[in-house]
J.: 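One structure is given below, represented as structure tokens, and several questions about it will come after.
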Amino acid sequence: MKILVAVATRHGATREIAESVAAALGAALSDAGMPSPVEVRDAGLVRSVEGFDAVIVGSAVYLGQWLEPARSLVESFSDELREVPVWLFSSGPVGEQTRPAEEPVAVEDLARRLNARGHRLFGGKIDRHTLGFPERAVVTALRVADADNRDWPTIRAWGREIGTSLARLERSVS
């Protein structure tokens with residue numbers, strides 16, 4: 001079994017989530033006696049999903065939307081992605097609110113189109129030192145403090161959950 005974790009990020013925080021999911025997923029498969037390669041790739045650099053038995057796609061969310069590389073990946077490979085188990089995740093809520101009032105609209109449509117097995121929304125991270133001037137101006141105007149709202153135990157648990165699910169699926173096919 002070969003798994004792809006494709007991620008779109010602006011400043012690296014969402015990639016760190018992808019790497020944590022990949023590590024936990026791989027550990028769960030190894031614990032189940034099914035060690036499998038798990039590759040983390042930038043969504044914009046994925047040229048094919050052929051050869052992958054499962055795919056996780058994640059993106060930072062800005063103004064309620066996934067970043068273009070993640071949207072493009074899903075649009076370009078939607079037929080192929082419907083043929084394998086797919087999970088989606090988003091990263092972005094910051095400040096006092098750790099979850100937005102509703103899911104990003106574009107993700108709901110993507111999840112439905114891909115028959116995704118799930119979508120998780122994780123808190124994001126703000127570090128003004130990594131932001132460009134326009135982004136700093138927005139977070140200042142919105143009075144958003146620097147913060148890391150990523151819940152690492154929850155992120156790792158979700159990765160393990162995916163790994164366990166894939167191990168069960170593999171056993172039922174064998």
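Counting from 1, the numbers follow the sequence of the chain as shown.
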J.: Is the backbone of Leu169 close enough, under 3.5 Å, to the side chain of Ser172 for a donor and an acceptor to pair up by distance?
T.: yes
J.: Would you check if the side chain of Thr154 reaches a backbone N or O of Trp152 as a donor-acceptor pair within less than 3.5 Å?
T.: no
J.: Between Asp42 (side chain only) and Leu45 (backbone N and O only), is there a donor and an acceptor less than 3.5 Å apart?
T.: no
J.: Closest heavy-atom contact between Ile56 and Ile162?
T.: CG1-CD1, 4.1 Å
J.: Measure the CG-CG distance between Leu114 and Asp109 for me, rounded to the nearest 0.5 Å.
T.: 10.5 Å
J.: I'd like to know if the side chain of Arg150 reaches the main chain of Ala13, judged simply by a donor and an acceptor atom lying under 3.5 Å from each other, with no hydrogens or angles considered.
T.: yes
J.: What do the steps show when you test Val86 against Asn115 for side-chain contact (heavy atoms from CB on, under 4.5 Å), and what is the final call?
T.: CA-CA 8 Å; Val86 172; Asn115 298 319; over 6 Å; no
J.: Run the side-chain contact (heavy atoms from CB on, under 4.5 Å) check on Val5 and Val38 step by step: do they pass?
T.: CA-CA 7 Å; Val5 180; Val38 182; 3.9 Å; yes
J.: What I'd like to find out is whether the side chain of Glu39 reaches to under 4.5 Å of the side chain of Phe52, using heavy atoms alone.
T.: yes
J.: Closest approach of Val7 and Ala18, non-hydrogen atoms and distance?
T.: CB-CB, 3.8 Å
J.: To check you understand the geometry: which heavy-atom pair defines the closest contact between Ala54 and Leu166, and what is its length?
T.: CB-CD2, 3.7 Å
J.: What do the steps show when you test Arg15 against Glu19 for salt bridge (charged side-chain N to carboxylate O under 4.0 Å, His left out), and what is the final call?
T.: CA-CA 6 Å; Arg15 183 176 183 87; Glu19 290 168 349; 3.1 Å; yes
J.: Salt bridge between Glu161 and Arg117, side-chain N to carboxylate O under 4.0 Å?
T.: no
J.: Going by heavy atoms in the side chains, are Arg160 and Leu25 under 4.5 Å from each other?
T.: no
J.: Report yes if some heavy atom in the side chain of Arg171 is under 4.5 Å from a heavy atom in the side chain of Met34; otherwise report no.
T.: yes
J.: Could you pull out the closest heavy-atom pair between Ile17 and Phe89, with the gap in Å?
T.: CG2-CE1, 3.5 Å
J.: Mind checking side-chain hydrogen bond (donor to acceptor under 3.5 Å, both in side chains) for Arg10 and listing every partner two or more places apart, or none if nothing turns up?
T.: Glu135
J.: Any side-chain to backbone donor/acceptor pair from Ser59 onto Val61? Under 3.5 Å, distance only.
T.: no
J.: Taking C-beta and beyond as the side chain, do Arg113 and Glu75 meet within less than 4.5 Å on heavy atoms?
T.: yes
J.: Taking C-beta and beyond as the side chain, do Leu29 and Pro35 meet within less than 4.5 Å on heavy atoms?
T.: no
J.: With a 3.5 Å cut-off and no angle check, do the side chains of Ser90 and Trp66 form a donor-acceptor pair?
T.: yes
J.: Under the side-chain contact (heavy atoms from CB on, under 4.5 Å) criterion, do Gln65 and Arg71 qualify, and how do the steps go?
T.: CA-CA 9 Å; Gln65 299 293 315; Arg71 289 195 318 261; 4.0 Å; yes
J.: Identify the two heavy atoms, one from Arg156 and one from Ser20, that lie closest to each other, and give their separation to 0.1 Å.
T.: CG-OG, 3.3 Å
J.: When rounded to the nearest 0.5 angstrom, what is the spacing between CD in Glu170 and OG in Ser36?
T.: 7.5 Å
J.: Quick check: do Pro153 and Asp151 have side-chain heavy atoms less than 4.5 Å from each other?
T.: yes
J.: Quick one: pull up CH2 in Trp87 and CH2 in Trp158 and give me the separation to the nearest 0.5 Å.
T.: 8.5 Å
J.: Indicate yes or no: at least one non-hydrogen side-chain atom of Glu80 is less than 4.5 angstrom from one of Val55.
T.: no
J.: For the side chain of Asp53 and the backbone of Lys2, is there at least one donor-acceptor N/O pair under 3.5 Å apart?
T.: yes
J.: Taking all atoms of both residues into account, what is the closest heavy-atom pair of Ala28 and Gly163, and its distance?
T.: CB-CA, 3.9 Å
